Protein chains: 2
Amino acid sequence: MSTLPVLNQPPRRSGALLDQLTRRMRRRAESVLAPLGLRTRHLVALTVLRENGGGATQQALAATLLIDRANVVGLLNELETEGLVERKRSELDRRRHIVELTYAGTRRLAAAEFALAAAEDEVLAALDGEQRAALYDLLHQAVGGCAPLDGRAPEHEPGTCAAAAAEGFSADDDCESDSDC
Amino acid sequence: MSTLPVLNQPPRRSGALLDQLTRRMRRRAESVLAPLGLRTRHLVALTVLRENGGGATQQALAATLLIDRANVVGLLNELETEGLVERKRSELDRRRHIVELTYAGTRRLAAAEFALAAAEDEVLAALDGEQRAALYDLLHQAVGGCAPLDGRAPEHEPGTCAAAAAEGFSADDDCESDSDC
DNA sequence: TAAATCGTTGGTGCTGCACAAACCATCTAT
DNA sequence: ATAGATGGTTTGTGCAGCACCAACGATTTA
């Protein structure tokens with residue numbers, strides 16, 4: 001606030017706060033997602049599917065989500081038994097599956113995003129609208145302008161970090177220090 | 001920035017960004033802590049020990065760190081074999097161990113904090129000093145003013161959320177929605 | 001003397017992944 | 001046509017990082 005040089009002030013380390021806030025956010029997110037029968041990874045997968053428009057092969061999904069192709073199978077099984085996603089045989093290459101978002105999937109995703117936004121507002125309740133916007137801007141800038149699939153990912157070449165950045169919610173990206181995104 | 005009402009703007013969800021930034025922060029933190037032979041939980045424990053001044057019993061530590069008392073044992077073993085911490089029998093109650101920070105422990109902790117601050121600056125490199133301060137303030141306010149052991153925890157009664165908030169880095173606090181802190 | 005408490009040990013279980021091996025169906029190259 | 005590569009699938013193993021329970025010795029308290 002003040003531009004006066006204040007010495008001896010406590011460390012002001014944001015790390016702990018960041019961690020704390022993220023934890024709360026995640027908890028709330030999981031809470032509101034649960035009644036929709038979704039978990040974070042489902043949301044990420046659905047988002048990716050919607051974002052790249054048409055359909056994606058499973059291996060493309062694996063690359064984008066940075067998870068093992070074997071694990072993609074289970075993930076899609078869950079989504080498919082809920083009718084949110086559909087696996088179609090590619091006509092060009094009948095080995096491939098083209099994974100597509102169903103109408104139900106689109107709607108569920110929208111519902112999830114709505115719920116998620118509410119959860120976020122809840123967690124950030126202590127901030128007013130302006131402050132939330134400021135927070136968003138700072139975070140955005142800090143992360144490096146690499147918008148996390150929300151405000152349009154710049155490039156979505158498979159294997160890019162935009163990949164893992166996907167929803168921001170990924171498991172444990174080994175994106176490393178390399179300036180992928 | 002602008003106060004003009006802008007419609008149709010993308011969701012601006014901070015959740016993903018928060019997650020992303022926190023992940024980076026954690027990675028860097030772990031990286032710089034590793035050469036010091038410390039992991040996050042060690043740092044948290046050391047910080048708690050320093051913060052409450054004298055010494056703490058293991059059960060008090062368990063309560064403060066919100067971890068099982070059985071797991072405190074292993075944690076302290078690691079710290080003690082590194083000479084950062086000392087277990088003394090309480091003279092008042094010889095069942096108890098009074099855990100104290102050694103001089104080496106104090107120094108190691110200071111070194112860790114220094115390294116951590118550097119790591120943080122690295123992660124927030126895209127922000128200038130003023131912006132970092134603004135981010136801190138926003139995070140602080142969002143978290144609820146419950147300073148995370150850095151800028152003096154308001155109360156440190158065992159079992160409080162200030163507990164888990166400890167370093168902000170805790171495993172999976174079930175702090176729930178109850179307004180503990 | 002009996003019951004409770006503190007630290008300790010050891011075991012079990014859970015979540016949430018990664019990773020590897022092997023398999024069938026299918027495509028591609030020769 | 002045949003061999004090799006590829007896409008999806010299944011199954012199994014392993015790891016990290018915890019929680020939780022049960023039991024034990026030493027000690028305190030009732």
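Letters go in sequence order (proteins before strands), and every chain restarts at 1. Bear in mind that the values here come from a model prediction, so they are computed numbers and not experimental data.
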Provide, to the nearest angstrom, the distance between the CD atom belonging to B:E78 and the P atom belonging to C:dT8. 13 Å
OP1 or OP2 of C:dG16 sitting under 4.0 Å from any side-chain N/O of A:R39? yes
Between C1' on C:dC19 and CG on A:L66, what's the gap in Å once rounded to a whole number? 15 Å
Kindly check if the number of other-residue, nucleotide or ligand heavy atoms within 6.0 Å of CZ (B:R89) is above 12? yes
Whole-Å distance between D:dA19 C1' and B:L75 CG? 15 Å
Residue pair A:L46, A:T106: steps toward the side-chain contact (heavy atoms from CB on, under 4.5 Å) verdict: CA-CA 8 Å; A:L46 292 177; A:T106 307; over 6 Å; no
Chi angles and distances behind the side-chain contact (heavy atoms from CB on, under 4.5 Å) call for B:T40, B:E30: CA-CA 7 Å; B:T40 309; B:E30 285 166 1; 4.2 Å; yes
Under 4.0 Å between a side-chain nitrogen and a carboxylate oxygen: does that hold for B:E78 and B:R41? yes
Between D:dT9 and A:R87, is there an OP1 or OP2 to side-chain N/O distance shorter than 4.0 Å? yes
Interatomic distance, A:D68 CG vs D:dC15 P [rounded to whole Å]: 17 Å
May I ask you to decide if B:G15's main-chain N or O and A:E120's side chain share a donor-acceptor pair within less than 3.5 Å? yes
Rounded distance (Å) that lies between atom C1' of D:dG8 and atom CG of A:L76: 10 Å
Polar atom pairs (N or O), protein with nucleotides 9-14 of chain C, under 3.5 Å:
none

Roughly how many Å is it from CG in A:L65 to P in C:dG16, rounded to a whole number? 17 Å
side-chain contact (heavy atoms from CB on, under 4.5 Å) between B:R39 and B:L33, intermediate numbers included: CA-CA 6 Å; B:R39 313 208 43 186; B:L33 249 35; over 6 Å; no
Do B:L116 and B:L36 belong to the same hydrophobic cluster, where Ile, Leu, Val, Met, Phe, Trp and Tyr are linked whenever their side-chain heavy atoms lie under 4.5 Å apart, directly or via other members? yes
Rounded distance in Å - CZ (B:R96) to C1' (C:dT8): 16 Å
Quick one: is A:Q58 getting a side-chain N or O under 4.0 Å of the D:dG7 phosphate, OP1 or OP2? no
Atom CD1 of A:I67 and atom C1' of D:dG8 are separated, to the nearest Å, by 14 Å
B/S/- contact track for nucleotides 25-30 of chain D, protein heavy atom under 4.0 Å: -BBS--
A:Q58 and A:R96: CA distance, side-chain angles, deciding distance, side-chain hydrogen bond (donor to acceptor under 3.5 Å, both in side chains) verdict: CA-CA 8 Å; A:Q58 298 187 195; A:R96 283 179 153 91; over 6 Å; no
side-chain contact (heavy atoms from CB on, under 4.5 Å) between A:L61 and A:L75, worked out: CA-CA 11 Å; A:L61 273 180; A:L75 182 55; over 6 Å; no
